[in-house]
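Let me begin by presenting the structure, written as structure tokens, before commenting on it.
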Amino acid sequence: MANQELFLFYNVENFYPPNQESPGFHNWDDYKYNLKIRKMTNVFRFIEEDYGQLPSIIGLAEIGARLVLEDLIQEDSPISDYEIIYEQSNDSRGLSVALLFDKRKLTLEKHQTLQFQLDEKQAFNTRDILHAEFLYQGKKLHLFVVHLPSKRNQDAKKEQRDHIFEKLKETLQELFDKNESVILMGDFNENPDNEAMQELLYNNNGEKILDNPFEALFENHYFSAYHGKKGVCFDQITYTGQSLMSQFNIKMIEAKIYNSPRLRNKNNKNLKYPYRTYSGSRYMGGYSDHFPVMLKLKK
């Protein structure tokens, strides 16, 4: 569909190569890995069936090595001609964010990672933020992929997460000052109504620059993942609505949580939950413990 564009973010749940030490991941082997590669490439096929096109940008979280991305774009994959942007993070679980993009639609100008530490001595063992600068329709577009520290262990990493929010806000402010177009996607480990998430949307003058359509979805009980029995919407895509619409001739931007029945549990008790790869130490053979989230940009 030439009159719309899809941008997607997906936390793919502990996606390690089979030969890599996988913290907390039990009996991960070639069979399970190859099954997961097939399942993930099928997600892109499902999206193409449902929307008539593939996402031109795919942000990913919980990637254990570049090999995973290379296997996702192998010859028989629907995204075989996509390019990879990936840098290994200094994460305690060996996980990083990544970007795949359709090189027929976007040209990569440059990319960098944002790394974080509280002071000179204390570097975080966490995922870097990936910042890519593209040419899209001949104009500049900044794309950020984030996976902020988790809420595990009674939210022991809250200080780290708040620090990263602060630093990210400073980086965004520089782009707001230049009126650049920005898309920020990821697993923020906070819901859209969280104070730090809310503050991210505003510039230093208190003007709202970023739109977050996942706020309304969350209010209406649409969730991208479940912690226990509690629905959360940690996976979000925010964007500079005004500059995107004016610079790229976009009429409407719509957000979706892609919770297709094909990606959900099959047992009647938990039909609304994502069909995950592992539940604790028990292998389930599913896709991920998160649903993908998407933006539809209609021209």
Quick one about Gln236 and Asn212 (side-chain donor to acceptor, distance below 3.5 Å, no hydrogens or angles considered), yes or no?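 Distance-only check passes for Asn212 and Gln236.
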Decide whether Lys251 and Asn249 meet the rule of one side-chain donor and one side-chain acceptor closer than 3.5 Å.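 A pair is found: one side chain offers a donor N or O, the other an acceptor, under 3.5 Å apart.
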Do [X] and [Y] have side-chain heavy atoms sitting under 4.5 Å apart?
{"X": "Phe15", "Y": "Ile37", "answer": "yes"}
{"X": "Leu54", "Y": "Asp102", "answer": "no"}
{"X": "Leu295", "Y": "Phe9", "answer": "no"}

Which pairs would a plain distance check flag for residues 222-230, meaning a side-chain donor or acceptor within less than 3.5 Å of a matching protein atom at least two apart in sequence or in another chain?
{"unit_1": "Ser224", "atom_1": "OG", "unit_2": "Asp235", "atom_2": "N", "d": "3.4"}
{"unit_1": "Ser224", "atom_1": "OG", "unit_2": "Asp235", "atom_2": "OD2", "d": "2.6"}

Salt-bridge contact Asp187-Arg127 (side-chain N to carboxylate O under 4.0 Å):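 No, Asp187 and Arg127 are not salt-bridged.
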Would His111 and Glu87 count as a side chain to side chain donor-acceptor pair (under 3.5 Å) if you check the C-alpha gap in whole Å, the side-chain angles of each, and the deciding distance to 0.1 Å? CA-CA 10 Å; His111 79 274; Glu87 300 283 347; 3.0 Å; yes
Under a 3.5 Å distance rule, please check whether Gln4 uses its side chain to pair with a backbone N or O of Lys298 as donor and acceptor.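 Answer holds: no.
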Can you establish whether the number of heavy atoms outside Glu195 located under 6.0 Å from its atom CD is more than 12?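 Not more than 12 within 6.0 Å, no.
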Are more than 12 heavy atoms from other residues, nucleotides or ligands located less than 6.0 Å from atom CD of Gln242?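 Not buried by this count: 12 neighbours or fewer within 6.0 Å.
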Could you name each residue pair satisfying ring-ring contact (aromatic ring centres under 6.0 Å, His included) that touches residues 55-100, not counting sequence neighbours?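 Pairs touching residues 55-100 that pass the test: none.
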Phe234 and Phe188: CA distance, side-chain angles, deciding distance, ring-ring contact (aromatic ring centres under 6.0 Å, His included) verdict: CA-CA 5 Å; Phe234 291 170; Phe188 293 88; 9.7 Å; no
Is the NZ or CZ atom of Lys32 both under 6.0 Å from the centre of the six-membered ring of Tyr283 and within 45° of that ring's axis?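 Positive - Lys32 is close enough to the ring of Tyr283 and near enough to its axis.
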Report all side-chain donor-acceptor pairs from residues 135-144 shorter than 3.5 Å, counting only partners two or more places apart or in another chain.
{"unit_1": "Tyr136", "atom_1": "OH", "unit_2": "Glu5", "atom_2": "OE1", "d": "2.7"}
{"unit_1": "Lys139", "atom_1": "NZ", "unit_2": "Gln247", "atom_2": "O", "d": "2.9"}
{"unit_1": "His142", "atom_1": "ND1", "unit_2": "His131", "atom_2": "NE2", "d": "2.9"}

In chain order, what residues pass the side chain to side chain donor-acceptor pair (under 3.5 Å) check against Thr113, with sequence neighbours excluded?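 Residues passing side chain to side chain donor-acceptor pair (under 3.5 Å) with Thr113: none at all.
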Residue list, side chain to side chain donor-acceptor pair (under 3.5 Å) with Asn191, at least two apart or on another chain: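 Checked Asn191 against side chain to side chain donor-acceptor pair (under 3.5 Å); zero matches.
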Considering only residues two or more places apart or on different chains, which pairs with a residue in residues 165-176 satisfy side-chain hydrogen bond (donor to acceptor under 3.5 Å, both in side chains)?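 Applying side-chain hydrogen bond (donor to acceptor under 3.5 Å, both in side chains) to every pair that reaches into residues 165-176, excluding sequence neighbours, yields Gln173-Asp177.
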